[in-house]
Student: 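My questions will all concern the structure given below.
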There are 2 protein chains.
Amino acid sequence: MLSVALEEARAGLAEGGVPVGAALFGADGRLLGRGRNRRVQDGDPSAHGETSAFRAAGRLRGYGDTTMVTTLSPCWYCSGLIRQFGIGAVLIGEARTFEGGHAWLAEHGVRVTVMDDPACVALMRDFVAARPDLWFEDIGR
Amino acid sequence: MLSVALEEARAGLAEGGVPVGAALFGADGRLLGRGRNRRVQDGDPSAHGETSAFRAAGRLRGYGDTTMVTTLSPCWYCSGLIRQFGIGAVLIGEARTFEGGHAWLAEHGVRVTVMDDPACVALMRDFVAARPDLWFEDIGR
(Lines give C-alpha, C1' and ligand atoms only; values in the text may rest on other atoms or scores of the structure.)
Protein backbone atom coordinates (compact mmCIF):
# COMPACT_ATOMS: atom_id res chain seq x y z
CA MET A 1 0.00 0.00 0.00
CA LEU A 2 2.86 2.36 0.73
CA SER A 3 4.06 2.10 -2.86
CA VAL A 4 0.91 3.88 -4.09
CA ALA A 5 1.52 6.77 -1.70
CA LEU A 6 5.18 6.88 -2.68
CA GLU A 7 4.28 7.03 -6.37
CA GLU A 8 2.06 10.02 -5.60
CA ALA A 9 4.83 11.73 -3.64
CA ARG A 10 7.35 11.21 -6.44
CA ALA A 11 4.90 12.52 -9.02
CA GLY A 12 4.47 15.62 -6.86
CA LEU A 13 8.22 16.14 -6.71
CA ALA A 14 8.45 15.84 -10.51
CA GLU A 15 5.79 18.57 -10.78
CA GLY A 16 7.80 20.90 -8.55
CA GLY A 17 5.50 20.30 -5.61
CA VAL A 18 5.76 19.13 -2.02
CA PRO A 19 6.48 15.38 -2.20
CA VAL A 20 3.92 13.96 0.18
CA GLY A 21 1.56 11.32 -1.16
CA ALA A 22 -1.28 9.34 0.34
CA ALA A 23 -3.92 6.75 -0.42
CA LEU A 24 -7.08 5.57 1.31
CA PHE A 25 -7.82 1.85 1.27
CA GLY A 26 -10.93 -0.10 2.23
CA ALA A 27 -11.10 -3.12 4.49
CA ASP A 28 -10.70 -5.43 1.52
CA GLY A 29 -7.52 -3.68 0.40
CA ARG A 30 -9.38 -1.90 -2.37
CA LEU A 31 -8.01 1.51 -3.27
CA LEU A 32 -10.67 4.13 -2.51
CA GLY A 33 -8.70 7.26 -3.38
CA ARG A 34 -5.16 8.47 -3.91
CA GLY A 35 -3.61 11.90 -4.06
CA ARG A 36 -0.70 14.17 -3.31
CA ASN A 37 0.09 17.57 -1.97
CA ARG A 38 -1.00 20.13 -4.58
CA ARG A 39 0.02 23.43 -2.98
CA VAL A 40 2.26 24.37 -5.90
CA GLN A 41 0.42 22.60 -8.70
CA ASP A 42 -3.00 24.10 -7.92
CA GLY A 43 -1.97 27.06 -5.75
CA ASP A 44 -4.06 25.32 -3.10
CA PRO A 45 -2.72 25.35 0.45
CA SER A 46 -5.56 23.11 1.63
CA ALA A 47 -4.52 20.20 -0.59
CA HIS A 48 -2.24 18.05 1.52
CA GLY A 49 -1.52 14.45 0.56
CA GLU A 50 -4.00 12.94 2.97
CA THR A 51 -6.77 15.44 2.26
CA SER A 52 -6.32 14.87 -1.48
CA ALA A 53 -6.65 11.10 -1.09
CA PHE A 54 -9.70 11.57 1.16
CA ARG A 55 -11.26 13.92 -1.37
CA ALA A 56 -10.59 11.53 -4.25
CA ALA A 57 -12.47 8.79 -2.41
CA GLY A 58 -15.64 10.90 -2.60
CA ARG A 59 -18.52 10.87 -0.15
CA LEU A 60 -18.56 7.78 2.06
CA ARG A 61 -20.50 6.69 5.12
CA GLY A 62 -18.12 5.39 7.74
CA TYR A 63 -14.35 5.21 7.66
CA GLY A 64 -13.78 2.85 10.58
CA ASP A 65 -12.57 0.04 8.34
CA THR A 66 -10.41 2.23 6.12
CA THR A 67 -6.65 2.77 6.25
CA MET A 68 -4.98 6.04 5.36
CA VAL A 69 -1.52 5.41 3.97
CA THR A 70 0.82 8.38 3.83
CA THR A 71 4.50 8.82 3.07
CA LEU A 72 4.97 11.19 6.04
CA SER A 73 3.62 11.54 9.56
CA PRO A 74 0.36 13.49 9.21
CA CYS A 75 0.45 17.14 10.25
CA TRP A 76 -2.20 18.43 12.69
CA TYR A 77 -4.50 19.31 9.80
CA CYS A 78 -4.37 15.79 8.38
CA SER A 79 -4.40 14.21 11.83
CA GLY A 80 -7.56 16.16 12.56
CA LEU A 81 -9.09 14.80 9.36
CA ILE A 82 -8.27 11.24 10.40
CA ARG A 83 -9.70 11.70 13.88
CA GLN A 84 -12.86 13.54 12.82
CA PHE A 85 -13.86 10.98 10.22
CA GLY A 86 -12.92 8.00 12.37
CA ILE A 87 -10.43 6.53 9.91
CA GLY A 88 -9.49 3.29 11.64
CA ALA A 89 -5.84 2.92 10.78
CA VAL A 90 -2.91 4.98 9.54
CA LEU A 91 0.16 3.54 7.86
CA ILE A 92 2.99 6.06 7.81
CA GLY A 93 6.08 5.86 5.63
CA GLU A 94 8.24 7.80 8.03
CA ALA A 95 8.17 10.22 10.95
CA ARG A 96 11.88 11.00 11.02
CA THR A 97 11.96 14.19 8.96
CA PHE A 98 8.70 15.54 10.42
CA GLU A 99 6.59 14.42 13.33
CA GLY A 100 2.94 15.40 13.16
CA GLY A 101 0.00 14.18 15.23
CA HIS A 102 0.37 10.43 14.94
CA ALA A 103 0.97 9.86 18.68
CA TRP A 104 -2.19 11.87 19.41
CA LEU A 105 -4.10 9.70 16.96
CA ALA A 106 -2.85 6.55 18.68
CA GLU A 107 -4.01 7.96 22.04
CA HIS A 108 -7.45 8.38 20.51
CA GLY A 109 -7.75 4.83 19.28
CA VAL A 110 -6.41 5.00 15.73
CA ARG A 111 -4.19 2.05 14.83
CA VAL A 112 -0.90 3.70 13.86
CA THR A 113 2.02 2.01 12.14
CA VAL A 114 5.24 3.87 11.33
CA MET A 115 7.33 1.98 8.77
CA ASP A 116 10.50 4.11 8.83
CA ASP A 117 10.86 3.44 5.13
CA PRO A 118 14.27 4.53 3.78
CA ALA A 119 12.88 5.69 0.43
CA CYS A 120 10.34 7.94 2.16
CA VAL A 121 13.00 9.34 4.46
CA ALA A 122 15.38 10.08 1.58
CA LEU A 123 12.66 11.74 -0.48
CA MET A 124 11.74 14.19 2.28
CA ARG A 125 15.27 14.77 3.53
CA ASP A 126 16.41 15.79 0.06
CA PHE A 127 13.35 17.92 -0.52
CA VAL A 128 13.63 19.82 2.76
CA ALA A 129 17.33 20.47 2.06
CA ALA A 130 16.58 21.69 -1.47
CA ARG A 131 13.40 23.70 -0.81
CA PRO A 132 13.16 24.72 2.86
CA ASP A 133 11.09 27.77 1.89
CA LEU A 134 8.39 25.65 0.30
CA TRP A 135 8.44 23.04 3.02
CA PHE A 136 8.06 25.53 5.86
CA GLU A 137 5.30 27.32 3.95
CA ASP A 138 3.48 24.02 3.65
CA ILE A 139 3.51 23.36 7.38
CA GLY A 140 2.83 26.96 8.37
CA ARG A 141 6.23 27.77 9.88
CA MET B 1 -17.01 39.54 10.55
CA LEU B 2 -19.51 36.86 11.57
CA SER B 3 -22.03 38.19 9.05
CA VAL B 4 -19.77 37.11 6.17
CA ALA B 5 -19.57 33.58 7.53
CA LEU B 6 -23.30 33.53 8.13
CA GLU B 7 -23.99 34.64 4.54
CA GLU B 8 -21.86 31.73 3.35
CA ALA B 9 -23.71 29.29 5.60
CA ARG B 10 -27.10 30.49 4.36
CA ALA B 11 -25.99 30.26 0.75
CA GLY B 12 -24.94 26.68 1.44
CA LEU B 13 -28.34 25.87 2.90
CA ALA B 14 -30.06 27.36 -0.16
CA GLU B 15 -27.93 25.06 -2.35
CA GLY B 16 -29.03 22.01 -0.37
CA GLY B 17 -25.71 21.76 1.41
CA VAL B 18 -24.43 21.71 4.97
CA PRO B 19 -24.88 25.26 6.31
CA VAL B 20 -21.49 26.01 7.78
CA GLY B 21 -19.69 29.10 6.54
CA ALA B 22 -16.36 30.68 7.32
CA ALA B 23 -14.07 33.56 6.44
CA LEU B 24 -10.41 34.33 7.02
CA PHE B 25 -9.49 37.92 7.88
CA GLY B 26 -6.13 39.65 8.09
CA ALA B 27 -4.85 41.81 10.94
CA ASP B 28 -6.26 44.92 9.29
CA GLY B 29 -9.72 43.39 9.06
CA ARG B 30 -9.27 42.73 5.36
CA LEU B 31 -11.13 39.71 4.04
CA LEU B 32 -8.58 37.18 2.77
CA GLY B 33 -10.93 34.37 1.81
CA ARG B 34 -14.46 33.15 2.40
CA GLY B 35 -16.19 29.85 1.79
CA ARG B 36 -18.69 27.27 2.87
CA ASN B 37 -19.11 23.56 3.24
CA ARG B 38 -19.35 22.05 -0.26
CA ARG B 39 -19.88 18.36 0.46
CA VAL B 40 -23.16 18.27 -1.44
CA GLN B 41 -22.48 20.97 -4.02
CA ASP B 42 -19.13 19.54 -5.20
CA GLY B 43 -19.43 15.98 -3.88
CA ASP B 44 -16.32 16.91 -1.91
CA PRO B 45 -16.12 15.64 1.67
CA SER B 46 -12.90 17.58 2.26
CA ALA B 47 -14.54 20.97 1.71
CA HIS B 48 -15.63 22.16 5.15
CA GLY B 49 -16.42 25.82 5.77
CA GLU B 50 -13.07 26.64 7.31
CA THR B 51 -11.00 24.69 4.79
CA SER B 52 -12.89 26.40 1.95
CA ALA B 53 -12.15 29.86 3.36
CA PHE B 54 -8.51 28.90 3.91
CA ARG B 55 -8.27 27.60 0.35
CA ALA B 56 -9.87 30.74 -1.07
CA ALA B 57 -7.22 32.88 0.64
CA GLY B 58 -4.56 31.17 -1.48
CA ARG B 59 -0.92 30.60 -0.55
CA LEU B 60 0.23 32.79 2.33
CA ARG B 61 3.30 32.96 4.53
CA GLY B 62 2.27 33.18 8.16
CA TYR B 63 -1.19 33.14 9.65
CA GLY B 64 -0.37 34.39 13.14
CA ASP B 65 -2.18 37.68 12.62
CA THR B 66 -5.22 36.18 10.89
CA THR B 67 -8.62 35.36 12.34
CA MET B 68 -10.74 32.45 11.21
CA VAL B 69 -14.41 33.26 11.60
CA THR B 70 -16.81 30.33 11.46
CA THR B 71 -20.50 29.89 12.14
CA LEU B 72 -19.90 26.68 14.12
CA SER B 73 -17.28 25.30 16.49
CA PRO B 74 -14.59 23.81 14.24
CA CYS B 75 -14.51 20.02 14.00
CA TRP B 76 -11.20 18.19 14.59
CA TYR B 77 -10.33 18.45 10.92
CA CYS B 78 -10.76 22.22 10.88
CA SER B 79 -9.24 22.60 14.35
CA GLY B 80 -6.19 20.75 13.05
CA LEU B 81 -5.99 23.17 10.13
CA ILE B 82 -6.08 26.15 12.51
CA ARG B 83 -3.39 24.70 14.77
CA GLN B 84 -1.08 23.51 12.00
CA PHE B 85 -1.03 26.83 10.20
CA GLY B 86 -0.82 28.88 13.36
CA ILE B 87 -3.97 30.89 12.75
CA GLY B 88 -3.90 33.33 15.65
CA ALA B 89 -7.56 33.71 16.50
CA VAL B 90 -10.86 31.96 15.95
CA LEU B 91 -14.23 33.65 16.21
CA ILE B 92 -17.02 31.08 16.51
CA GLY B 93 -20.70 31.77 15.93
CA GLU B 94 -21.85 29.01 18.25
CA ALA B 95 -20.78 25.79 19.92
CA ARG B 96 -24.18 24.77 21.23
CA THR B 97 -25.31 22.40 18.46
CA PHE B 98 -21.84 20.89 17.97
CA GLU B 99 -18.66 21.15 19.97
CA GLY B 100 -15.47 20.54 18.05
CA GLY B 101 -11.87 21.24 19.04
CA HIS B 102 -12.07 24.85 20.15
CA ALA B 103 -11.09 24.15 23.76
CA TRP B 104 -8.04 22.22 22.47
CA LEU B 105 -7.13 25.20 20.31
CA ALA B 106 -7.36 27.53 23.29
CA GLU B 107 -5.06 25.20 25.24
CA HIS B 108 -2.56 25.54 22.42
CA GLY B 109 -2.54 29.31 22.40
CA VAL B 110 -5.19 30.19 19.84
CA ARG B 111 -7.38 33.11 20.91
CA VAL B 112 -10.87 31.63 20.88
CA THR B 113 -14.11 33.58 21.12
CA VAL B 114 -17.51 31.86 21.14
CA MET B 115 -20.32 34.31 20.39
CA ASP B 116 -23.34 32.07 21.03
CA ASP B 117 -25.12 33.87 18.22
CA PRO B 118 -28.85 33.03 18.06
CA ALA B 119 -28.99 33.12 14.25
CA CYS B 120 -26.13 30.61 13.99
CA VAL B 121 -27.75 28.36 16.60
CA ALA B 122 -31.12 28.42 14.84
CA LEU B 123 -29.58 27.70 11.45
CA MET B 124 -27.80 24.57 12.65
CA ARG B 125 -30.56 23.37 14.96
CA ASP B 126 -33.08 23.45 12.11
CA PHE B 127 -30.65 21.83 9.69
CA VAL B 128 -29.73 18.96 12.01
CA ALA B 129 -33.44 18.33 12.69
CA ALA B 130 -34.25 18.36 8.97
CA ARG B 131 -31.22 16.46 7.60
CA PRO B 132 -29.61 14.35 10.33
CA ASP B 133 -28.32 11.91 7.68
CA LEU B 134 -26.35 14.62 5.92
CA TRP B 135 -25.11 16.22 9.11
CA PHE B 136 -23.80 12.97 10.59
CA GLU B 137 -22.18 12.09 7.27
CA ASP B 138 -20.40 15.42 7.33
CA ILE B 139 -18.87 14.85 10.75
CA GLY B 140 -18.10 11.18 10.17
CA ARG B 141 -20.63 9.69 12.56
Side-chain angles (χ1 to χ4, degrees), chain A residues 17-18 22 24 32-33 35 37-64 66 73-88 98 100-102 104-105 107-108 110 133-141, chain B residues 17-18 22 24 32-33 35 37-64 66 73-88 98 100-102 104-105 107-108 110 133-141:
Chain A
V18 176
L24 187 69
L32 302 173
N37 187 299
R38 306 193 63 86
R39 171 177 292 270
V40 170
Q41 297 91 321
D42 298 346
D44 181 355
S46 76
H48 273 200
E50 296 89 330
T51 66
S52 295
F54 178 80
R55 183 184 193 182
R59 291 172 60 179
L60 297 174
R61 277 310 299 252
Y63 292 86
T66 67
S73 176
C75 77
W76 286 115
Y77 171 41
C78 297
S79 294
L81 174 88
I82 291 160
R83 181 171 172 187
Q84 184 62 48
F85 290 97
I87 291 172
F98 172 79
H102 71 262
W104 178 74
L105 289 174
E107 281 167 27
H108 290 283
V110 180
D133 55 326
L134 180 55
W135 173 237
F136 290 115
E137 178 191 327
D138 194 60
I139 53 172
R141 290 197 192 144
Chain B
V18 176
L24 188 69
L32 302 173
N37 187 300
R38 305 193 64 85
R39 170 178 293 270
V40 171
Q41 296 91 322
D42 298 346
D44 181 356
S46 76
H48 273 199
E50 297 89 327
T51 66
S52 294
F54 178 81
R55 183 184 193 183
R59 289 173 61 180
L60 298 173
R61 276 313 297 254
Y63 292 86
T66 67
S73 175
C75 78
W76 286 115
Y77 171 41
C78 297
S79 294
L81 175 88
I82 290 161
R83 179 170 174 188
Q84 184 63 47
F85 290 97
I87 291 172
F98 172 78
H102 71 262
W104 178 75
L105 289 174
E107 281 167 27
H108 290 283
V110 179
D133 55 325
L134 180 54
W135 172 237
F136 290 115
E137 178 191 326
D138 195 59
I139 54 171
R141 287 197 194 145

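Sequence lines set the chain letters: A, B, ... in the order given, protein chains first and strands last, and positions in each chain run from 1.
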Student: Could you check whether the rings of B/F54 and A/Y77 sit parallel, tilted or perpendicular, using 30° and 60° as the cut-offs?
Tutor: tilted

Student: For the residue pair B/W76 and A/W104, is the inter-centroid distance of their aromatic rings smaller than 6.0 Å?
Tutor: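 For B/W76 and A/W104, the ring centres are under 6.0 Å apart.
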
Student: Quick check on B/R61 against chain A: is it the side chain, the backbone, both or neither that has a heavy atom closer than 4.5 Å?
Tutor: side chain

Student: First locate atom OG of B/S46, then atom CD of A/E50, and finally report the distance between them rounded to the nearest 0.5 Å.
Tutor: 12.5 Å

Student: Which answer fits B/S79, side chain, backbone, both or neither, if we ask what part of it has an atom under 4.5 Å from a heavy atom of chain A?
Tutor: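 For B/S79, no heavy atom lies under 4.5 Å from chain A.
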
Student: Check whether B/R141 reaches the backbone of A/Q84 with its side chain - one donor and one acceptor, N or O, closer than 3.5 Å.
Tutor: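 It does not hold such a pair.
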
Student: Tell me, for B/L60 versus chain A, whether the close heavy atoms (under 4.5 Å) come from the side chain, the backbone, both or neither.
Tutor: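 Contact with chain A involves the backbone of B/L60 alone.
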
Student: So for A/D138, is it side chain, backbone, both, or neither that comes closer than 4.5 Å to the heavy atoms of chain B?
Tutor: backbone

Student: For A/R59, is it the side chain, the backbone, both, or neither that has a heavy atom closer than 4.5 Å to a heavy atom of chain B?
Tutor: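 Both parts, backbone and side chain.
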
Student: How far apart are the closest heavy atoms of A/G58 and B/P45, and which atoms are they?
Tutor: O-CG, 3.3 Å

Student: Determine the option with the most heavy-atom pairs under 4.5 angstrom with chain B, choosing from A/T51, A/D44, A/I87.
Tutor: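 Counting heavy-atom pairs under 4.5 Å, the top option is A/D44.
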
